[in-house]
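Values reported hereafter were calculated over all heavy atoms of this structure, with side chains retained and with hydrogens, waters and symmetry mates removed.
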Amino acid sequence: MNIDPYNAVVRAYFDCPEHMGDIGGGAVAFFEDQGMRIRLSAKVVDGKIKKLGFRAWGCPHVIAAAEAFCRQFEGRSVAELEEFKTSQIMGDLAVPVEKTGRILVLEDTVRSLRAAIQDRITNQAQD
Amino acid sequence: MNIDPYNAVVRAYFDCPEHMGDIGGGAVAFFEDQGMRIRLSAKVVDGKIKKLGFRAWGCPHVIAAAEAFCRQFEGRSVAELEEFKTSQIMGDLAVPVEKTGRILVLEDTVRSLRAAIQDRITNQAQD
Amino acid sequence: MPGSSDFVYMDYAATTPLNSLVAERMRTVQNSACFNPASNHIAGRQSAKVVMQAATELGLLLNVSPDSILWTSGATESNNLAILGAARQRAHRGKHLITMRTEHKAVIDVFRALEKQGFEVSWLAPKPDGQLPVERLISTLRDDTQLVSIMHINNETGVIQDIAALGAACKERDVLFHVDGAQAAGKIPVDLAALPVDLYSLTAHKFYGPKGVGALFVANGTPLEPLMFGGGQQQRMRPGTLPVDLIAGLGVAAAVATTSIADDLAKLTGLKGRLLQGIQDIEGLQVNGPAKGGYPGILNVGVDDVDGESLLLAMEPLCVATGSACNSRSQEPSSVLRALGRTDRQAQSAIRFSLGRPTTAADIEMAISSYRHAVRKLRALAPERPA
Amino acid sequence: MPGSSDFVYMDYAATTPLNSLVAERMRTVQNSACFNPASNHIAGRQSAKVVMQAATELGLLLNVSPDSILWTSGATESNNLAILGAARQRAHRGKHLITMRTEHKAVIDVFRALEKQGFEVSWLAPKPDGQLPVERLISTLRDDTQLVSIMHINNETGVIQDIAALGAACKERDVLFHVDGAQAAGKIPVDLAALPVDLYSLTAHKFYGPKGVGALFVANGTPLEPLMFGGGQQQRMRPGTLPVDLIAGLGVAAAVATTSIADDLAKLTGLKGRLLQGIQDIEGLQVNGPAKGGYPGILNVGVDDVDGESLLLAMEPLCVATGSACNSRSQEPSSVLRALGRTDRQAQSAIRFSLGRPTTAADIEMAISSYRHAVRKLRALAPERPA
Ligand SMILES: Cc1ncc(COP(=O)(O)O)c(C=O)c1O
Ligand SMILES: Cc1ncc(COP(=O)(O)O)c(C=O)c1O
């Protein structure tokens, strides 16, 4: 019997999702799958992620995972986004295996965010 | 659920079987059936049952039934023995139906006692 | 109520705390007469008396003879014994069975098991308010129908079925009628002398009795194949040492219910009214279940664009249920709400508030603000779909 | 002990009173954490923790993982689930089953039911002392044998079977081995990590835990067909709301047993010795069961020329059992004693004294004089057969 389905990290992130919101004018990615919806937005300056924001529709693990992603990558370089894997978040949040699919929606959204950032950089370069 | 299998009469007769014993020199009847054994003995004077005694091997209802018989017929006439039926004792002792067969052993023993008394009277008349 | 310092409990349809008279009686029995009632000695007979008294008390609640009551471990067992027992016992006569899609798992899964064993089951759908029209039953009855099982009060929505009419339809065709009364017994008046019901399941812990004990009412010795075999207890229908103290507790819970059902219902009606009033202006709120009528201890609501699991967490420390209370940890959307025509997403947002005898007006106000806050929070979190 | 003013209780093999720590823990749980452990809210999780703790406590008693424990309503259900469940699950592999003639009704009647359903059962006879020689089992095992069920301690005679040897014989042939441990768990050391046992049944009320709860140890997820269907509780093997307080009580009873079995056995050995010594000079006295060894909480004796039912009444207010305690009201001579070679009449005179933790030396003296008096009285009543 799995007594508490949410560990302390999930509870903290769910209670206070500090990165909830949209970063105006930044790169935006949206993904919907398995009944989950995630939107990520980022402000990038000189190859560095200055700010990350998220919105999410889903279970507490999905919401906490999005918040965890934002906390992890704010301040890091865009290049580092390549390294993003859900495995660490799955571990930190003790996500039950049957929810793996849902957390992978976050991976898809992050990939899509990377592409959006790349797009903007390319576009800006073309400006 | 039949809570107490023994009513107050059964308990009283089983606890104090006043007629337990053998009446020396009287008419005697013994019957064995269904794993029950009953012996009745009687002292008869002038067609009247002066004394009755019993011994019994069996469940509490059988023992109490034998005692009940003795109490009922002591002091009555031999002729009245003809009237003996277990039905009244079955009722007085609230004997469960599944024990009917056992109580009928008493009926058989009483019949045999009547015969024994008759025998003795005939024999005595012939003396 | 117990534990109230840590949380506010509003899941009385899942289980209820012990009534204090029930707890007291159980303690008395444990200290004096908790032996084997099948034993032929003084201690056993004292225990047998306790069991008989409980049967009398339950008999009064349901208006049936104490002899028609079988003790079980709960409604799950009662349902299994009634349904498997009747179906197997009558299998040679015919293999058609009827039940509803909105039944509890402890009925649905039994019929599923019977389907695998060669029985044919008709799964009736209710109207969107949860009610089963008697005509749907009548038109489904066949010559080879052996058993109909319909629940009295639905555990998720509180809808109350018309047991009198449904039972009458069964009687006309000489079909056995089983009712899962787990949510009704001790909570609304149930007169089994007046209702055409052959088998009626109940469980003590839904009406302030102990967990681990239930009963099955069996009319006129309706023959059933036992689920279990063993000692001669309970006419071989359900062997095992009787849990005398639990049975005594069930009896007292029944006795308390007999005198308090009317007051309970009046109070719950008021509380449910206030709860609904306090949240009904929330945009997109849907009431799952009957708009009017229904059991006042249950209010099931959904809202658009909110995930039920997150809603539950956001409402802590309020204890309510999503989906079926009996298995709230499964993430599947409630099959009951799906059968009422809700989409998966709507069903997934459903929250069941269930109120009980200890529920206070303050609990209701707390629930209202907690629900409003949680919906607001989750909606704020949710992304719009991109245009 | 409870109720001692009215009677002297010496029927601990039938059922035991609650240990005071057990009662206390149950009360605490009832007042704080007696909700539905399957519910995903604070109250539910508090209850789930209680259940896990109990599983840990029972796991320690039996030296098994808490995950291998299924909660049931008692040993009758555990036996039924194990035997019906394993036989039905493995029916396609073969239909031969083995058990003993001296099993409890909750095993015998299950195998009888399986015989009616097309299984073939070999009914092994013990030696006159009640022991089953392992060779008898080995020579009965066949290629199509699926399940062997042998009880650990016999409830009527106290004989202890050699579970290690019997289990090893089963393992060699890859046959499932079920043990009815209702009279052993909590009463003698049982190390299921060391014993080659697949399924082990127990019930709390035989070792000072509550009635209405038991357990089935299931090794390595041995597949079983469930007896009942319903919610997803307990991996679908046994649905129904868990009786959290009863389970907690079972846990504490297990914890108490873990520390007190050695003392219990030492004390019982002394008391049983004195009891036997006090009656063994009665003419025609037979000890039913092993002359030496065996569980010291049980002494079963018969005498010639005395009816068991009358003996029981003559000994009131001493509470002892005739025949099988689980169904003492039936008048049939014990099939267990018949299997040990006793005649009907001998079996019918059998009395089982069963001693427990609360039994005192004074109780034993009372039992001795009560038995002597009753035998004397009934022998005086019995007629000689005419010459
Ligand atoms: C309608 C209904 N039927 C059956 C049950 C099963 O009851 P129990 O868990 O006591 O066996 C429940 C509750 O769990 C219920 O609500
Ligand atoms: C050996 C044995 N097995 C099974 C049982 C059945 O236990 P319960 O009545 O608790 O189901 C008992 C006692 O009644 C027993 O002595």
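Of the listed residues D:Ile42, D:Ile108, D:Thr15, the one with more heavy-atom pairs under 4.5 angstrom with chain C than any other is D:Ile42. Contact count against chain C (heavy-atom pairs under 4.5 Å) is highest for D:Ala106 among D:Pro317, D:Pro210, D:Ala106, D:Ala23.
C:Leu84 is not listed as a side-chain neighbour of D:Met228, based on a closest heavy-atom distance of 4.5 Å or more. Between C:Arg45 and D:Cys319 the shortest side-chain heavy-atom distance does not fall below 4.5 Å. By the 4.5 Å heavy-atom criterion applied to side chains, D:Asp11 and C:Ser39 are counted as neighbours. The closest side-chain heavy-atom distance from C:Lys105 to D:Phe229 is not below 4.5 Å. Within the 4.5 Å cutoff, no side-chain heavy atoms of D:Lys211 are placed close to those of C:Leu242. Looking at C:His41 and D:Val320, their side chains never come closer than 4.5 Å, going by heavy atoms from C-beta outward.
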TODO: For the pair C:Arg236 and D:Asp109, evaluate side chain to side chain contact (heavy atoms under 4.5 Å, CB included) and give the outcome as yes or no after the intermediate values.
DONE: CA-CA 10 Å; C:Arg236 315 203 139 262; D:Asp109 285 2; 3.1 Å; yes

TODO: Take C:Asn40 and D:Glu309 through the side chain to side chain donor-acceptor pair (under 3.5 Å) test and state the conclusion after the steps.
DONE: CA-CA 9 Å; C:Asn40 186 15; D:Glu309 192 189 335; 4.9 Å; no

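Here the closest heavy-atom approach between residue D:Gly240 and residue C:Thr76 is recorded as CA-OG1, 3.4 Å.
The ring pair (Phe, Tyr, Trp, His ring centres under 6.0 Å) search around D:Phe353 returns D:Tyr371, not counting sequence neighbours.
Using a distance-only test at 3.5 Å, with no hydrogens or angles considered, no donor-acceptor pair links the side chain of D:Asn36 to the main chain of C:Ala14.
Residue C:Asn80 touches chain D through its side chain alone, counting heavy-atom pairs closer than 4.5 Å. Neither the backbone nor the side chain of D:Arg112 comes within contact range of chain C, judged by heavy atoms closer than 4.5 Å. Contact annotation for D:Val110: both backbone and side-chain heavy atoms come within less than 4.5 Å of a heavy atom of chain C. When heavy atoms are compared at a cutoff of 4.5 Å, C:Glu77 approaches chain D by way of both its backbone and its side chain.
Here the two rings, on C:Tyr12 and D:Phe35, have centers that are 6.0 Å apart or farther.
Taking non-hydrogen atoms and a 4.5 Å limit, the residue list of residues 244-253 of chain D in contact with chain C, ordered by number, reads D:Val244, D:Asp245, D:Leu246.
A distance of 11.5 Å separates CZ in C:Arg27 from CG in D:Leu18, rounded to the nearest 0.5 Å.
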